[in-house]
Amino acid sequence: MRPTEQKPATALAPLTAAWLILVALTLLSLGLGQWFHGAAWLPVVVAGIVWAKGMLVAQRFIEAELAHPFIRRVLKVFVAFAPLALVLIAFFGREFARWATL
């Protein structure tokens, strides 16, 4: 018995749905920023949206599940880095700025 080989997706409907979700998440993050500007919890919510968008792009458009497990893990770490950096800068921005000065 041969294991089932995974192949890239060729259907257009899942890609269109993923694109629409990306647009909706972008509009949601813009709306949240406009309505709740300055709220203490906003960076965490926006970081979650950034992470969700990155994972969606990695799964649907890059098709990370077809990559070698090492590459898949590196991609997940890369996608998680931006939201983590966003939250760290939002809450500890002065400290990072102090470390970065000469």
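Heavy atoms only: backbone and side chains are in, while hydrogens, waters and symmetry mates are out.
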(request) Kindly write out the residues that satisfy ring-ring contact (aromatic ring centres under 6.0 Å, His included) with Phe96, not counting sequence neighbours, or none if the list is empty. (result) Trp99

(request) Tell me whether Ile49 is reachable from Trp41 by hopping between hydrophobic residues (I, L, V, M, F, W, Y) whose side-chain heavy atoms are closer than 4.5 Å. (result) yes

(request) State the CD-CD1 distance between Glu95 and Ile89, to the nearest 0.5 angstrom. (result) 9.5 Å

(message) Among residues at least two apart in sequence or on other chains, which ones pass side chain to side chain contact (heavy atoms under 4.5 Å, CB included) with Phe78?
(response) none

For residues 66-73, please give each side-chain donor-acceptor pair under 3.5 Å, one per line with the distance, not counting sequence neighbours.
| from | atom 1 | to | atom 2 | distance (Å) |
| --- | --- | --- | --- | --- |
| His68 | ND1 | Phe70 | N | 3.1 |
| Arg72 | NE | Ala64 | O | 3.4 |
| Arg72 | NH2 | Ala67 | O | 2.9 |

(request) Taking all non-hydrogen atoms of both residues into account, name the closest pair between Pro83 and Ala47 and its distance. (result) CB-O, 3.3 Å

(request) Please answer: with hydrophobic residues joined when any side-chain heavy atoms are less than 4.5 Å apart, are Phe61 and Leu75 in the same cluster? (result) yes

Output side-chain donor-acceptor pairs under 3.5 Å for residues 22-38, partner residues at least two apart or in another chain, one line each.
| from | atom 1 | to | atom 2 | distance (Å) |
| --- | --- | --- | --- | --- |
| Thr26 | OG1 | Leu22 | O | 2.8 |
| Thr26 | OG1 | Lys53 | NZ | 2.7 |
| Ser29 | OG | Leu25 | O | 3.3 |
| Ser29 | OG | Thr26 | O | 2.8 |

(request) Could you pull out the closest heavy-atom pair between Ala40 and Phe91, with the gap in Å? (result) O-CZ, 3.6 Å

(request) Say whether Phe81 and Leu88 are linked into one hydrophobic cluster, either directly or through other cluster members, by side-chain heavy-atom distances under 4.5 angstrom. (result) no

(request) Please say which of Val79, Leu84, Leu86 ends up in a side-chain contact (heavy atoms from CB on, under 4.5 Å) with Trp51. (result) Val79

